[in-house]
Protein chains: 4
Amino acid sequence: MAMAEGKTGRVRAVKDLKRGLILDAARKIFEAEGLDGASLRAIAAEAGYTPAALYFHFESKEAIYAEVLQDSLARLKDNVLRATSRARRPEDLFRGAAMAFFDFYAKNPRDLDLGFYLFRGGMKPKGLGSARDRLLNAGLADALQPMAEAAEKLGASKEEARLMMVDAFAHAAGLLLLAHTGRIRMFGASAPQLMARYVDERIALLKKAR
Amino acid sequence: MAMAEGKTGRVRAVKDLKRGLILDAARKIFEAEGLDGASLRAIAAEAGYTPAALYFHFESKEAIYAEVLQDSLARLKDNVLRATSRARRPEDLFRGAAMAFFDFYAKNPRDLDLGFYLFRGGMKPKGLGSARDRLLNAGLADALQPMAEAAEKLGASKEEARLMMVDAFAHAAGLLLLAHTGRIRMFGASAPQLMARYVDERIALLKKAR
Amino acid sequence: MAMAEGKTGRVRAVKDLKRGLILDAARKIFEAEGLDGASLRAIAAEAGYTPAALYFHFESKEAIYAEVLQDSLARLKDNVLRATSRARRPEDLFRGAAMAFFDFYAKNPRDLDLGFYLFRGGMKPKGLGSARDRLLNAGLADALQPMAEAAEKLGASKEEARLMMVDAFAHAAGLLLLAHTGRIRMFGASAPQLMARYVDERIALLKKAR
Amino acid sequence: MAMAEGKTGRVRAVKDLKRGLILDAARKIFEAEGLDGASLRAIAAEAGYTPAALYFHFESKEAIYAEVLQDSLARLKDNVLRATSRARRPEDLFRGAAMAFFDFYAKNPRDLDLGFYLFRGGMKPKGLGSARDRLLNAGLADALQPMAEAAEKLGASKEEARLMMVDAFAHAAGLLLLAHTGRIRMFGASAPQLMARYVDERIALLKKAR
DNA sequence: TATGAATGAGTATTCATTCAT
DNA sequence: TATGAATGAATACTCATTCAT
C-alpha cells in the first residue's frame with residue numbers, strides 16, 4: 001500500500017507538472033497573441049505538444065482558459081494580501097487593498113484581458129458549468145474582501161462596507177478599461193491618479209460620516 | 001421633374017429601408033450571439049439574405065459593425081441631450097447627464113456590448129480606416145461632453161471638469177460591466193443606486209471645494 | 001424607308017461606339033491586371049458601366065475576351081502585311097513576315113497573353129462554340145499566310161511552304177513564351193537574336209535545297 | 001529497436017503513400033479541369049478527403065502544385081537521361097536529348113500543362129518562397145543540360161552550345177503548344193516530324209560550321 | 001438601354017475536437 | 001500518455017450571371 005501511495009504521489013506530481021507546463025504555454029500565448037489569437041494549436045505548439053495531447057490534461061480549450069484565469073485571480077489575491085499586511089492604520093488598509101487591486105491589473109494587462117474575458121460572454125458551450133464558475137467568483141470575492149474588512153475597521157456598517165467594496169471594484173474596473181484601451185489618454189487623464197483620488201475621497205467621506 | 005424627384009426619393013427610401021433591415025438583423029445577432037459570434041452569414045440569414053447580398057449594401061462586415069455602432073452612439077447622445085435639456089440648476093445638469101449616460105446603457109444591454117466592442121482591440125483587419133474610427137471616438141466624446149460643461153457651470157475649472165467627466169464615465173462603465181454580467185447581484189448591490197450615490201457625492205465634493 | 005435606314009444606321013453606329021468603349025476598357029484592364037485579374041466587374045467599372053449593362057452588348061465575359069482577341073489578331077495581321085509590302089526580294093518577304101509576327105508579340109506582351117489564352121483551355125462553357133473559334137483560327141491563319149506565300153516565292157513547294165510557315169510559327173511561339181516569362185534571361189540568351197538566326201538559316205537551307 | 005525501426009518505416013511508408021494518393025488526385029484534376037480549375041476542394045474530393053485533411057499532408061494548395069510539378073520535372077529529367085545513356089555518337093546524343101524532351105511532353109500532355117503553368121505568372125499568392133521556385137528552375141535546367149553537353153561534344157563552343165539548347169527548347173515548346181491545342185492539324189503538319197527535322201538541320205549546320 | 005438588387009456557387013484556410021493506433 | 005489523421009463547420013469575401021424595374 002505504501003508503494004501504491006508512493007507511486008500515486010509521484011504519478012500525480014508528474015501529471016501536475018505537465019499541466020503546469022501547458023498552462024505556462026497558454027499564458028505565453030495569451031501574452032503574445034492576445035485572447036482571440038490564442039488557439040489550442042498555438043498553445044499546444046508552444047508547450048511542445050500535439051493539440052490532441054492537451055485533451056488528456058484538460059477537458060477543453062475553455063478549461064485551460066478557466067485554469068489560467070483562476071491562477072491569475074490567485075496572484076491578484078496574493079498581491080492584495082501582501083499590500084494589506086504592511087498596513088497599520090485602517091485607512092491605509094483600505095487604500096492599500098484598493099490600490100493593490102488596481103495596480104495589479106494596471107501592471108498586468110494580460111490578466112486584465114483574462115478578467116474581462118470571464119466577465120464577457122465567452123466560456124460558452126462546455127464552460128464547465130456553474131461549478132468552475134462559482135470557483136472563479138469565489139476567487140474574485142477573496143481578492144476584494146480585504147477592502148470590505150478595511151471599510152468596517154474604518155467604522156462602516158457591514159452593509160455599507162460591502163457597498164464601498166463593490167463601488168471601488170467598479171471604479172477600478174472602469175478606469176482600467178479606459179486605460180487599457182488607450183482612450184483615457186484621449187481625454188488627457190491618468191488612471192492611477194484618478195483611482196487614488198477616488199479612494200482618498202471615499203475614505204474622507206467615510207470618516208466624516210462617522 | 002417632380003415625378004423624377006418623387007421616384008428618386010422613393011428609390012432612396014427603399015434602399016435606406018433595406019439597409020435598416022440589415023442593421024436591425026445585425027443588432028439582433030449581436031444581442032443573441034455576442035459580438036464575436038456575429039458572422040456575416042448569421043446577419044445575412046437573420047435579414048433573409050444571402051451573404052453576398054450584403055455586399056451590395058455595405059462594403060464589408062466591419063462597415064456593418066461600424067454603422068450599428070455609430071447609430072448606437074447617436075442614440076446615446078440624444079438620450080443625454082434630452083435629459084440635460086430638461087434641467088435648470090447646474091447640479092441637475094450634471095446629474096442628468098451622468099445618469100442619462102448610465103441609464104441608456106443599463107436599459108440597452110446590447111448597446112453596451114457594442115460600446116465595449118469599440119473599446120476592445122477588435123475591428124482590426126480592415127480597420128475601417130482611421131477616419132471611421134475617429135468618427136466613433138467623436139460620437140462618444142459628444143455624449144460625454146455635457147457632463148464636462150455641467151461641471152464647469154458648477155464652478156469647476158476646465159481641467160477639473162474634464163477629469164470629473166472621465167471619472168464619471170469610468171464609474172458608469174465599471175458599474176455597467178458588473179451589472180451586465182450579473183456579478184453585482186452576487187455582492188447584493190444595485191448599480192443604479194451606486195451610480196446615483198457616486199454622482200451626488202461628486203456634486204457635493206465640488207460644491208464644498210468651491 | 002430612307003428615314004428608317006438613317007435611323008438604323010445611326011443607332012447601329014452608337015451601338016458600335018459603345019461596344020468599342022467597352023472593348024477599350026477591357027484592353028486597359030487586361031493590361032493592368034493581367035488576364036486572370038480581369039473580372040467583368042473591373043471591365044464594367046473601367047467602362048463606366050454596371051456589370052449588368054455589359055450583357056446588352058456582349059453575350060458573356062468570354063465573348064468580350066474573344067472580341068478583344070479577334071481585334072488583336074487583326075492588328076497582328078496588319079503588322080505583318082505592312083512589313084511584307086515593303087519587301088522586294090522573296091527572302092526579304094519571308095524574313096519580314098516572320099519577324100513582323102515575332103516583333104508584334106515581343107512588343108505587345110498583353111496581346112501575347114491573349115493569344116496564349118486562346119490556345120489554352122480557357123473560353124469554356126459558353127465559349128460561343130465553334131463559330132467564333134473558326135473566326136479566330138482564320139484570323140491567325142491570315143497573319144501567317146504571308147510566310148507561306150513568301151516561301152513559295154523562294155522556291156518551296158506548296159506543301160513545304162506550309163511546313164515552313166508552321167515551323168516558324170512554332171519557333172516564334174516558343175521563344176516568345178520563354179522571353180515573356182523571363183526564363184530566357186536565365187539562360188543568357190536573346191529571343192530576337194535567336195529568332196533572326198532561325199529565320200536566316202531557314203532561308204539559307206531553302207536556297208541550298210533549290 | 002528493430003521493431004521500432006520497422007514501425008517507423010511502415011508508418012513513414014503509409015504517410016508517403018497517402019501523400020502520393022493526394023498527388024495522384026491532384027494530377028487527375030489538373031488533367032480534367034485544367035490548372036486554373038484545380039481547386040483544393042476538387043483535389044480533396046478526388047482523393048476521397050475533406051479539404052481540411054489535405055492541410056495535414058501539405059502546407060497549402062501551392063505546395064501541392066509545387067510537388068506535382070517537381071515530380072513531373074524529375075520524370076522529364078529521367079527520360080532525357082535514359083535516352084542519352086543509350087547514345088554513343090555525339091550527334092545521337094544531341095538528337096536523343098532533344099527528342100526525349102519533346103517526346104516526354106508529347107506523350108504526357110498533363111505534364112505539359114504543368115510545365116506551362118511554371119512558365120506563366122501563376123503561383124503568386126504565397127509564392128512558395130523563392131526557394132522552391134529556384135528548385136523548379138533547377139529541375140528544368142537539369143533536363144535541358146544534356147543538350148548543351150551534347151552540342152559541345154559536337155564541337156560547339158560553350159556559348160554556342162547554350163544557345164543551341166535554348167533554341168531547341170523553344171522550338172519544342174512552340175511545337176508542343178501547337179500540337180497540344182490541336183492547331184497543328186489545322187495546318188496539316190506533324191509536330192514530331194517537324195521537331196525531328198529541326199534537330200537534324202541543327203546538327204547538320206553545326207557539323208558544317210566546324 | 002441601363003440599373004440596383006440578388007443569387008448560388010465558389011475561393012483557401014483555420015478551428016476545436018475526436019478517434020484509432 | 002501521446003500522436004497522426006481526419007472531420008465538419010466556420011470564416012469573409014468574389015465572381016459571373018439574372019431579373020424586375
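Keep in mind the model is a prediction, meaning the values are calculated, not measured.
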### Query
Can you tell if the side chain of B:Tyr55 reaches within under 4.5 Å of the side chain of B:Leu40, non-hydrogen atoms only?
yes
### Message
Reading DNA chain E from 5' onward, which residue's closest nucleotide shows up sooner: A:Phe56 or C:Leu54?
### Response
C:Leu54
## Note on the structure
Annotated structure of DNA chain F as dot-bracket, pair cut-off 3.5 Å, Watson-Crick or G-U only, | for inter-strand, is .||||||||||||||||||||
#### Entry: Nearest-angstrom distance from the residue atom CD of D:Glu33 to C1' of E:dG10
13 Å
### Query
Roughly, in whole Å, what's the span from CG in B:Leu17 to P in E:dG4?
18 Å
### Task
In whole angstrom, give the distance that lies between atom OH of C:Tyr55 and atom P of F:dC15.
12 Å
### Query
Hey, does B:Thr50 reach any base, or is it just sugar-phosphate, or nothing, if we go heavy atoms under 4.0 Å?
base
### Message
Can you tell me how the ring of A:Tyr65 sits relative to the ring of A:Phe30, calling it parallel under 30°, perpendicular over 60° and tilted otherwise?
### Response
perpendicular
### Query
Can C:Arg110 and C:Asp113 be counted as an ion pair, charged N to O under 4.0 angstrom?
yes
### Query
Hey, does the side chain of A:Arg41 come within less than 4.0 Å of E:dT14's phosphate (OP1/OP2), counting only N and O?
no
### Task
To the nearest Å, give me how far apart CD1 (C:Ile43) and C1' (F:dC15) are.
13 Å
### Summary
Comparing nearest nucleotides in DNA chain F, the 5'-proximal residue of the pair B:Ala38, D:Lys15 is D:Lys15
### Query
Which is true for D:Leu40 with a 4.0 Å heavy-atom rule: it touches a base, it touches only sugar-phosphate, or it touches nothing?
base
### Message
Within the structure provided, determine whether C:Leu23 and C:Phe58 are in side-chain contact (heavy-atom separation under 4.5 Å).
### Response
yes
### Query
Taking atom C1' of F:dA16 as reference, at what distance in whole Å does atom NZ of C:Lys61 sit?
8 Å
### Query
Can a side chain N or O of B:Lys18 be found less than 4.0 Å away from OP1 or OP2 on E:dA6?
yes
### Query
To the nearest Å, how far apart are D:Ile64 CD1 and E:dA12 P?
10 Å
### Query
In Å and rounded to the nearest 0.5 Å, what is the CD1 to CG distance from D:Ile43 to D:Leu54?
7.0 Å
### Message
The side chain of B:Ala52 is closest to which nucleotide in this list: E:dA12, E:dG8, E:dT3?
### Response
E:dG8
### Task
Would you confirm whether C:Ser60, through its side chain, and C:Glu62, through its main-chain N or O, come within 3.5 Å as a donor-acceptor pair?
yes
### Sidechain N-carboxylate O distance under 4.0 Å for D:Asp16, D:Arg19
no
### Query
Choosing from F:dT3, F:dT17, E:dA2, which nucleotide comes nearest the side chain of C:Ala53?
E:dA2
### Task
Let me know the distance between CD of C:Glu62 and P of F:dC15, rounded to the nearest Å.
15 Å
### Query
Side-chain N or O of C:Tyr49 less than 4.0 angstrom from OP1 or OP2 on E:dA2?
yes
### Task
Mind calculating the distance between CZ (A:Arg19) and P (F:dA2) to the nearest angstrom?
13 Å
### Task
Ignoring the backbone of C:Pro51, work out which of F:dT17, E:dT18, E:dA2 is nearest its side chain.
F:dT17
### Task
Would you indicate which nucleotide in E:dT1, E:dA16, F:dA2 comes nearest to any side-chain atom of A:Ser39?
E:dA16
### Query
Does the side chain of B:His57 get closer than 4.0 angstrom to OP1 or OP2 of E:dA6 through an N or O atom?
yes
### C:Ala42 backbone acceptor or donor facing C:Ser39 side chain under 3.5 Å
yes
